[in-house]
Amino acid sequence: MTTLSQIAWDDTVLPFQLDRSDVRGRIARLDGVLDRVLAQHDYPPVVEALVAEAALLTALIGQTIKLRWKLSLQIRGNGPVRTIATDYYAPGADGGPAHIRAWASFDAERIDPSAKPFSQIGEGYFAILIDQGEGMQPYQGITPLEGGSLVACAETYFAQSEQLPTRFELAFGRTTLPGQGEHWRAGGTMLQLMPQSPVAAREGSGTDGVLRHTDILAGEEDENWQRANILLDTVEEVELIGPRVDLTSLLVRLFHEDEPRVFDPQRVEFGCTCSEERVRDSLAIYSAKDIRTMTTEEGTVTADCQFCGAHYIFDPRSLGFEATVNPDGTPREGDGADA
């Protein structure tokens with residue numbers, strides 16, 4: 001049996017504001033989206049956990065930004081898990097859904113299934129990339145991998161790059177509801193204080209000079225931020241991911257003293273932008289000689305989308321800047337006269 005609250009709040013990001021504290025936030029719940037993201041690949045449990053954490057962070061962060069096109073998270077390290085990449089695509093129209101996709105690369109032979117997932121990334125960086133589309137300069141912010149989790153990296157990014165005190169509380173994992181099979185669920189909350197007058201030091205008090213919220217805030221702002229965090233500390237995992245608790249009720253339970261105000265919820269769906277045309281465009285820079293090195297024994301060039309698993313097969317004669325036939329196999333104009 002599926003409850004009405006579950007129908008209403010699964011795969012949703014709900015923006016809110018705590019009027020008494022000048023704290024804004026997002027609360028999210030991912031259900032079918034996360035299942036779709038992880039169903040595309042046969043990841044080990046350690047990798048699944050990292051991808052789930054990254055996807056949930058992406059949903060929360062993406063909804064905070066006035067986004068025209070795409071926000072991406074990229075996590076790269078020298079450990080068994082080499083890359084985690086996620087994309088959040090803004091709605092194409094008012095009232096439409098946002099779209100999320102995610103993918104990871106890893107060395108299966110080096111994975112330690114008993115280790116903490118974050119330790120499997122090793123040393124590297126956590127990056128947020130914002131692309132507002134054609135005619136706009138992309139933005140990229142990078143912070144080192146540290147703190148023991150992707151959540152800690154995201155909090156460090158906002159303190160260091162944006163000088164915004166930020167807190168995440170996430171829960172995710174495989175769950176089983178009565179009458180249903182096992183599937184992934186995730187839920188999380190993001191808090192962000194909008195300081196009126198940042199007082200950041202030149203060098204932070206964290207590891208290697210990384211900024212912390214105590215380096216940014218002072219006085220009443222710091223008190224407000226501390227209170228909001230204490231209230232969020234009381235949240236339970238079952239409240240974040242359980243289908244019986246709707247998001248508005250959870251906000252009232254946590255923050256009723258700070259007068260929570262909610263805004264329009266944002267639906268989220270799994271979505272991938274790959275297409276045959278995009279793959280052709282990416283291969284357009286190669287010569288006929290280069291294309292021959294990509295050609296299989298069967299006489300085709302193949303490509304797989306890392307995000308959604310789509311498989312594309314091409315006639316090598318139709319690829320590259322020296323292509324002799326069109327995608328439909330007909331001769332390109334001018335090529336027949338030269339033959």
Side-chain angles (χ1 to χ4, degrees), residues 5-6 8-10 12-30 52-53 56-65 147-160 162-173 175 185-200 204-206 210-266 268:
S5 63
Q6 181 180 345
W9 294 116
D10 277 352
T12 300
V13 182
L14 179 67
F16 66 90
Q17 181 171 310
L18 306 182
D19 287 340
R20 183 183 169 191
S21 303
D22 290 327
V23 171
R24 70 175 181 178
R26 302 291 187 271
I27 186 167
R29 193 165 281 160
L30 299 184
E53 185 178 4
L56 185 52
L57 282 172
T58 303
L60 289 165
I61 296 171
Q63 218 285 327
T64 67
I65 296 171
S149 67
L150 297 181
V151 159
C153 293
E155 292 172 348
T156 298
Y157 162 82
F158 280 105
Q160 188 75 19
E162 308 294 333
Q163 294 189 11
L164 290 176
T166 305
R167 163 83 184 278
F168 294 92
E169 192 66 35
L170 309 185
F172 46 86
T175 64
R185 287 186 65 83
T189 301
M190 174 185 182
L191 296 181
Q192 199 164 62
L193 183 65
M194 307 305 292
Q196 301 301 312
S197 53
V199 292
S205 58
V210 168
L211 291 174
R212 294 177 174 172
H213 83 270
T214 51
D215 304 313
I216 302 172
L217 301 176
E220 185 179 357
E221 289 178 342
D222 187 49
E223 293 177 5
N224 288 338
W225 180 243
Q226 295 284 8
R227 183 175 67 254
N229 276 266
I230 290 171
L231 294 172
L232 184 56
D233 285 339
T234 68
V235 73
E236 299 180 5
E237 182 174 302
V238 68
E239 292 181 296
L240 289 174
I241 64 175
R244 308 299 180 190
V245 182
D246 67 77
L247 300 186
T248 51
S249 297
L250 178 55
L251 284 178
V252 171
R253 206 282 287 169
L254 289 172
F255 303 115
H256 65 277
E257 298 177 3
D258 282 58
E259 302 174 5
R261 177 158 49 107
V262 300
F263 302 95
D264 292 338
Q266 175 64 64
V268 183

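All values reported here derive from a predicted model rather than from experimental measurement.
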**Q** Rounded at 0.5 Å granularity, tell me how far CG in L18 sits from CZ in R24.
**A**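 One gets 12.5 Å once the value is rounded to the nearest 0.5 Å.
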**Q** F255 versus L191: any side-chain heavy-atom pair under 4.5 Å?
**A** yes
**Q** Write down the atom of G188, the atom of L170, and the distance for their closest heavy-atom approach.
**A**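 Taking every non-hydrogen atom into account, CA-CD2, 3.7 Å.
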**Q** For the residue pair I61 and A154, what are the closest heavy atoms and their distance?
**A**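 For I61 versus A154, the nearest heavy atoms are CD1-CB, 4.5 Å.
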**Q** Could you measure the distance from the CD atom of E239 to the CG atom of L250? Nearest 0.5 Å is fine.
**A**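 Going from CD on E239 over to CG on L250, the span is 5.5 Å.
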**Q** Any sub-3.5 Å donor-acceptor pair from E53's side-chain atoms to L150's backbone N or O?
**A**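 Checked: pair present.
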**Q** List the steps, then state whether side-chain contact (heavy atoms from CB on, under 4.5 Å) holds for L240 with T189.
**A** CA-CA 8 Å; L240 289 174; T189 301; 3.7 Å; yes
**Q** Looking at CD of Q17 and CE of M194, how far apart are the two atoms once the value is rounded to the nearest 0.5 Å?
**A**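 The CD atom of Q17 sits 9.5 Å away from the CE atom of M194.
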**Q** Would you find a donor on one side and an acceptor on the other, under 3.5 Å apart, between the side chain of R167 and the backbone of E155?
**A** no
**Q** Please report the shortest heavy-atom distance between A152 and G147, naming the atom on each side.
**A** CB-O, 3.6 Å
**Q** Would you check if the side chain of S249 reaches a backbone N or O of L247 as a donor-acceptor pair within less than 3.5 Å?
**A**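 No, because the side chain of S249 does not come within donor-acceptor range (under 3.5 Å) of the backbone of L247.
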**Q** For residues V13 and A28, report the shortest heavy-atom separation together with the two atoms involved.
**A** CG2-CB, 3.9 Å
**Q** Rounded to the nearest 0.5 Å, what separates atom CG in L251 from atom CZ in R261?
**A** 13.0 Å
**Q** Atom CD of Q63 and atom CZ of R26: how far apart are they, to the nearest 0.5 Å?
**A**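 Going from CD on Q63 over to CZ on R26, the span is 4.5 Å.
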**Q** Name all residues meeting the side-chain hydrogen bond (donor to acceptor under 3.5 Å, both in side chains) criterion together with R227; count only those two or more places apart in sequence or in a different chain, and write none if there are none.
**A**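 Expected list: S21, N224, D258.
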**Q** Just by modelled atom types, is the I241 backbone N or O under 3.5 Å from a matching donor or acceptor in the R185 side chain?
**A**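 Yes, because the side chain of R185 sits within donor-acceptor range (under 3.5 Å) of the backbone of I241.
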**Q** Any side-chain to backbone donor/acceptor pair from R20 onto E257? Under 3.5 Å, distance only.
**A** yes
**Q** Any donor-acceptor pair under 3.5 Å linking the side-chain atoms of T234 with those of R253?
**A** yes
**Q** Could you tell me whether the side chain of Q192 reaches within less than 4.5 Å of the side chain of T166, counting heavy atoms only?
**A** yes
**Q** If you compare all heavy atoms of D264 against all heavy atoms of P15, which two are closest, and at what distance to 0.1 Å?
**A** O-CD, 3.2 Å
**Q** Considering non-hydrogen atoms only, spot the tightest contact between V245 and R29 and give its length.
**A** O-NH1, 2.6 Å
**Q** If you count every heavy atom of other residues, nucleotides or ligands that lies below 6.0 Å from D233 atom CG, does the total exceed 12?
**A** yes
**Q** For the residue pair F158 and F168, does the interplanar ring angle fall in the parallel (under 30°), tilted (30 to 60°) or perpendicular (over 60°) class?
**A** tilted
**Q** Enter the distance from D246:CG to L14:CG here, rounded to the nearest 0.5 Å.
**A**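 The CG atom of D246 sits 9.5 Å away from the CG atom of L14.
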